[in-house]
Amino acid sequence: MAANTGRLAGKTVFISGASRGIGKAIALKVAKDGANVVIAAKTAQPHPKLPGTIYTAAEEINKAGGKALPCIVDIRSEEQVQNAVQETVAKFGGIDVLINNASAISLTGTLKTPMKTYDLMNSINARGTYLCSKVCLPYLLKSKNPHILNISPPLNMSAKWFQGHVAYTMAKYGMSMCVLGMAEEFRDDRVAVNALWPRTAIYTAAMEMLGGGSEVKEQCRDVEIMSDAAYVILSKDSSKYTGNFAIDDEVLTEAGVTDMEKYSCVPAGEEASAGAAVSSGLTTMFKALEGLLSEDLVKEMNSSFQFDLSGPDSGKYYLDLKSGKGVVAPGTLEGADCTMVLDSGLFQDMFAGKANATTSFMTGKLKIKGDMRAAMKLEKLMKKMQPKL
């Protein structure tokens with residue numbers, strides 16, 4: 001892994017959303033150098049499903065060798081951001097690095113995205129990033145090697161990155177547009193503004209909750225690949241490295257880290273062979289699914305699904321769980337709540353527990369149109385079927 005060099009010793013790093021996940025991993029990485037770390041996040045009380053608060057994160061940062069400052073901050077509030085920045089400057093004397101990590105996500109289509117959800121994502125992702133950058137910049141301009149790093153994707157205008165979750169992509173691309181504009185705006189001031197994005201899904205507690213279980217690890221990388229890549233970027237000369245949309249493993253490869261297997265969440269050779277053709281599997285799978293159909297299941301799911309399969313067992317199938325005891329059959333269901341487009345082998349592997357739907361979607365192997373909440377319900381149904389396959 002990317003070794004700590006001490007380059008961030010004594011530097012002050014302001015991180016939004018650092019109570020858990022990627023944000024906390026970056027915080028712990030820079031803390032090993034002896035950095036001052038500001039945990040700007042909302043979680044002051046324990047979440048019922050997700051571990052960690054700003055105070056537990058602060059304890060870990062201090063133990064790792066850093067100096068932590070936990071601040072209760074909702075980055076939608078200009079006043080709270082300003083207060084946190086002022087508290088940071090009063091305690092540490094300035095700000096050298098800003099990590100815009102806080103983000104909201106809802107992978108829902110246009111008709112399934114309430115305006116409240118649209119506003120939440122755009123106010124946190126795009127506006128929150130802009131606000132934190134704006135408030136921190138007067139102090140970054142005084143730093144000897146100032147960096148802003150946004151955890152956001154490359155600006156790819158291909159329709160596939162918008163289809164199915166327009167609102168989320170718009171909000172996330174808002175963070176990336178801050179990189180595009182601010183990098184050029186502050187180039188002459190030596191303030192580096194870059195983006196970092198993972199090549200694969202990253203395993204976090206939130207990912208486990210969304211995926212419905214720890215088996216999501218099978219196709220994920222650990223958070224350390226992002227924290228190591230972030231550390232490499234933050235160690236660079238801010239006057240020479242700016243305006244980049246970096247991918248985690250590419251950053252590490254360039255830095256001399258060639259073994260990415262160490263970041264895998266499962267040992268080599270144990271990954272599921274998602275997509276492997278199993279010619280007789282579909283029949284067994286659909287029989288098992290038919291055995292689960294019931295009025296109670298319809299009441300629980302209240303969703304309909306269309307499966308468009310490619311590969312050796314290509315075809316169209318549907319699952320209607322909106323009336324009666326439900327129906328599973330070959331063919332096309334008009335107006336299905338959720339349509340999944342994928343390889344037939346991967347389809348069978350997901351139902352058998354050898355591949356995870358959430359990870360397959362995030363890695364591009366599974367395309368989902370329509371209601372993402374329905375897709376998450378289906379993933380739970382898949383788990384019920386696994387003992388029967």
Side-chain angles (χ1 to χ4, degrees), residues 1-18 21-40 60-62 64-69 88 92-101 132-133 136-137 139-152 154 175-176 178-179 182-183 186-199 202 221-260 262-263:
M1 295 184 179
N4 282 72
T5 62
R7 292 200 60 175
L8 299 180
K11 302 295 184 182
T12 298
V13 183
F14 190 104
I15 310 177
S16 68
I22 292 172
K24 191 181 81 170
I26 295 174
L28 292 172
K29 181 68 176 180
V30 300
K32 292 177 182 178
D33 265 12
N36 307 316
V37 184
V38 183
I39 310 153
E60 292 182 55
I61 289 165
N62 289 331
K67 295 180 180 178
L69 174 61
T88 299
F92 297 128
I95 297 175
D96 301 287
V97 173
L98 167 64
I99 309 289
N100 284 309
N101 168 71
C132 289
S133 302
C136 288
L137 269 163
Y139 304 99
L140 289 167
L141 287 166
K142 298 176 183 178
S143 173
K144 293 182 179 179
N145 195 45
H147 280 267
I148 295 176
L149 182 62
N150 295 351
I151 307 303
S152 64
M175 299 176 69
S176 300
C178 286
V179 172
M182 292 181 188
F186 296 99
R187 185 180 297 274
D188 292 342
D189 298 303
R190 302 177 304 99
V191 179
V193 187
N194 296 288
L196 177 63
W197 196 242
R199 183 177 301 280
I202 300 297
R221 283 173 170 169
D222 197 84
V223 289
E224 274 70 26
I225 192 169
M226 285 292 284
S227 60
D228 279 5
Y231 181 83
V232 170
I233 291 173
L234 301 178
S235 298
K236 292 179 179 290
D237 185 336
S238 64
S239 66
K240 297 179 180 178
Y241 189 85
T242 188
N244 298 283
F245 293 92
I247 301 299
D248 54 3
D249 55 11
E250 292 179 0
V251 171
L252 294 172
T253 298
E254 185 180 339
V257 180
T258 56
D259 181 10
M260 299 301 158
K262 63 185 71 176
Y263 296 109

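Counting from 1, the numbers follow the sequence of the chain as shown.
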So does [Y] get a backbone contact from the side chain of [X], meaning a donor-acceptor N/O pair under 3.5 Å?
| X | Y | result |
| --- | --- | --- |
| Arg190 | Pro146 | no |
| Asp96 | Asn145 | no |
| Asp248 | Met226 | no |
| Thr253 | Thr258 | no |
| Tyr231 | Thr5 | yes |

Give me the atom names and distance for the closest heavy-atom approach of [X] to [Y].
| X | Y | result |
| --- | --- | --- |
| Cys132 | Asn100 | CB-OD1, 3.4 Å |
| Ile233 | Ala246 | CD1-CB, 4.0 Å |
| Asn101 | Gly17 | ND2-O, 2.8 Å |
| Val257 | Ala2 | CG2-N, 4.1 Å |
| Ala195 | Phe245 | CB-CD2, 3.6 Å |
| Pro198 | Ile247 | C-CG2, 4.5 Å |

Rounded to the nearest 0.5 Å, how far does [atom2] of [Y] lie from [atom1] of [X]?
| X | Y | atom1 | atom2 | result |
| --- | --- | --- | --- | --- |
| Phe14 | Asn36 | CZ | CG | 13.5 Å |
| Cys136 | Leu141 | SG | CG | 11.0 Å |
| Ser235 | Asp33 | OG | CG | 6.5 Å |
| Met260 | Leu252 | CE | CG | 5.0 Å |
| Ser176 | Asn194 | OG | CG | 11.5 Å |
| Leu196 | Ile22 | CG | CD1 | 8.0 Å |

**Item:** Ionic contact status for Asp228 with Lys29, cut-off 4.0 Å
**Value:** yes
Quick check: are there more than 12 heavy atoms from other residues, nucleotides or ligands sitting under 6.0 Å from [atom1] of [X]?
| X | atom1 | result |
| --- | --- | --- |
| Glu250 | CD | yes |
| Lys67 | NZ | no |
| Lys262 | NZ | yes |
| Asp237 | CG | yes |

Is any side-chain heavy atom of [Y] closer than 4.5 Å to one of [X]?
| X | Y | answer |
| --- | --- | --- |
| Ile99 | Leu234 | yes |
| Asp249 | Arg221 | yes |
| Leu140 | Ser133 | no |
| Phe186 | Ile148 | no |
| Ile26 | Ile151 | yes |

**Asked** Of Val13, Val37, Leu69, which meets side chain to side chain contact (heavy atoms under 4.5 Å, CB included) against Phe92?
**Response**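 For Phe92, the side chain to side chain contact (heavy atoms under 4.5 Å, CB included) test succeeds with only one of Val13, Val37, Leu69, which is Leu69.
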